[in-house]
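Down below is the structure, laid out as structure tokens.
Numbers here are sequence positions counted from 1. Only heavy atoms go into these numbers, but all of them, side chains included; no hydrogens, no water, no symmetry mates.
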Amino acid sequence: MIINHKYKFIFIHVPKCAGTSIKRALYPYGDKYDQFFGGHPDEPEGNDEVHKHSTASEVKRFATTERWEKYFTFSFVRNPFSRTVSLYNWWNKVEGIFDPEAKKAICNMSFKEFVFSEYSERSQLEFLTSKEYKETFVPNKNRIELDFIGKQETINKDFSYLCGLLKLPNLSLKKHNATQNLGTQKSMDYYDEESEKHVRRKFNEDFDFFNY
């Protein structure tokens, strides 16, 4: 998550959507008054209000509605099939994990077991909607308050366009915090019929809303 006061933008970091690479590219264009969580060794610790993967509703409340409406707000999303594979591989790869019990459990799971477990994350739409609880959310474009949502699959083109909107140089992205990038097609090799149906059902809002 970033709140940048110099260029007046707010970035919502959805997990496993190249957010660390985006934040590290943007970090040099901030100053000491910015709120910056995740993606850089000099980042401050999270607090009780916001953290690296805070939702849009949490960040809006922290930043204030007035600032949220004035600043350019954006995020990036990813195909749920490849995002789930990436998340599973990340848990198995990363060292010094913040939740050793979860890591131990996941490392002893097959991919299919992970898909059906509590660890396979919530929908991306829930990170980006102004509604805080899924049961009250109605899929409607008016519920998304962000000004721009890019896609991990077209990240270079989308990020270049974003830099233009923010009046920044045409920044290049480097891979950080990345697991093996298989692409959506090869990610499907991880799935059998049951696990594919489950992911499609669990993240049906993401598939529909973001046109995957």
**Fill in**
Here the gap from Tyr212 atom OH to Asn204 atom CG, rounded to the nearest 0.5 Å, amounts to 15.5 Å
**Item:** Least distance between heavy atoms, Lys103 atom then Asn92 atom
**Value:** NZ-O, 3.6 Å
**Message:** Nearest 0.5 angstrom please: Ile10 CD1 to Arg67 CZ, how far?
**Reply:** 8.0 Å
**Prompt:** What heavy-atom pair brings Arg122 and Glu126 nearest, and what distance separates the two atoms?
**Reply:** CB-OE2, 3.9 Å
**Complete:** When Asn89, Leu87, Val85 are each screened for side-chain contact (heavy atoms from CB on, under 4.5 Å) with Lys16, the one that passes is Leu87
**Message:** Going by ring-ring contact (aromatic ring centres under 6.0 Å, His included), Phe74 matches just one of Phe148, Phe159, Phe9. Which one?
**Reply:** Phe9
**Request:** Using modelled atom types only, decide if a donor and an acceptor are shared between the side chain of Ser21 and the backbone of Lys174 within a distance under 3.5 Å.
**Result:** yes
**Message:** Testing the basics here: between Phe114 and Ser117, what is the closest heavy-atom pair and its distance to 0.1 Å?
**Reply:** O-OG, 2.7 Å
**Prompt:** Would Phe127 and His53 satisfy ring pair (Phe, Tyr, Trp, His ring centres under 6.0 Å), going step by step from the backbone distance to the final call?
**Reply:** CA-CA 8 Å; Phe127 277 93; His53 295 304; 7.0 Å; no
**Asked** Has the side chain of Ser54 got a donor or acceptor atom that lies under 3.5 Å from a matching backbone atom of His51?
**Response** yes
**Asked** Do you know the tightest heavy-atom contact between Pro169 and Cys163?
**Response** O-CB, 3.4 Å
**Message:** Under a 3.5 Å distance rule, please check whether Ser123 uses its side chain to pair with a backbone N or O of Phe203 as donor and acceptor.
**Reply:** no
**Message:** Rounded at 0.5 Å granularity, tell me how far CG in Asn79 sits from CD in Gln124.
**Reply:** 8.5 Å
**Item:** Test side chain to side chain contact (heavy atoms under 4.5 Å, CB included) applied to Phe116 and His198, step by step
**Value:** CA-CA 7 Å; Phe116 283 89; His198 183 74; 3.5 Å; yes
**Request:** Please check if the side chain of Ser75 supplies one atom and the backbone of Ile12 the other of a donor-acceptor pair under 3.5 Å.
**Result:** yes
**Prompt:** Can you tell which of Tyr88, Tyr190, Tyr191, Phe111 makes a ring-ring contact (aromatic ring centres under 6.0 Å, His included) with Phe81?
**Reply:** Tyr191
**Prompt:** At their closest point, which heavy atom of Glu58 faces which heavy atom of Thr55, and how far apart are they?
**Reply:** OE1-N, 2.8 Å
**Asked** At what distance, to the nearest 0.5 angstrom, does CE of Met109 lie from CH2 of Trp91?
**Response** 10.5 Å
**Message:** With a 3.5 Å distance limit and no angle check, can you tell me whether Glu196 reaches the backbone of Glu193 through a side-chain donor-acceptor pair?
**Reply:** no
**Asked** Between His13 and Lys52, is any side-chain donor less than 3.5 angstrom from a side-chain acceptor?
**Response** no
**Asked** Under 3.5 Å, is there a donor-acceptor pair linking the side chains of Arg78 and Ser86?
**Response** yes
**Asked** Can you name the salt bridge (Lys or Arg N to Asp or Glu O under 4.0 Å) partners of Lys157, sequence neighbours left out?
**Response** none
**Asked** Is it true that Asp158 and Lys151 make a salt bridge, defined as a side-chain N closer than 4.0 Å to a carboxylate O?
**Response** no
**Asked** Looking only at side chains, do Ser120 and Lys202 share a donor and an acceptor under 3.5 Å apart?
**Response** yes
**Prompt:** Rounded to the nearest 0.5 Å, what separation is found between the CZ atom of Phe72 and the CG atom of Leu146?
**Reply:** 8.5 Å
**Prompt:** How would you list, by chain and number, every residue that makes a side-chain contact (heavy atoms from CB on, under 4.5 Å) with Lys6, sequence neighbours excluded?
**Reply:** Asn4, Asp31
**Asked** Is there a donor-acceptor pair under 3.5 Å between the side chain of Arg24 and the backbone N or O of Gly19?
**Response** no
**Item:** Close side-chain approach of Thr73 to Val59, heavy-atom, < 4.5 Å
**Value:** no
**Item:** Qualifying residues under side-chain contact (heavy atoms from CB on, under 4.5 Å), relative to Lys70, sequence neighbours excluded
**Value:** Glu66
**Request:** Mind running side chain to side chain contact (heavy atoms under 4.5 Å, CB included) on Leu162 and Phe76 for me, showing each step along the way?
**Result:** CA-CA 11 Å; Leu162 179 66; Phe76 277 74; 4.1 Å; yes
**Request:** List the steps, then state whether side chain to side chain contact (heavy atoms under 4.5 Å, CB included) holds for Asp206 with Val77.
**Result:** CA-CA 9 Å; Asp206 286 354; Val77 296; over 6 Å; no
**Request:** Mind listing the closest non-hydrogen atom pair of Arg83 and Pro15 along with its distance?
**Result:** NE-O, 2.9 Å
**Request:** Side-chain contact test, heavy atoms from C-beta onward, threshold under 4.5 Å: evaluate it for Ser110 versus Glu113 and give yes or no.
**Result:** yes
**Request:** Starting at OG1 of Thr64, measure out to OH of Tyr71 and round the result to the nearest 0.5 Å.
**Result:** 8.5 Å
**Under 3.5 Å: donor-acceptor pair, side chain of Thr84, backbone of Pro80** = yes
**Test log, rule side chain to side chain donor-acceptor pair (under 3.5 Å), inputs Asp34 and Tyr7** = CA-CA 10 Å; Asp34 293 342; Tyr7 288 91; over 6 Å; no
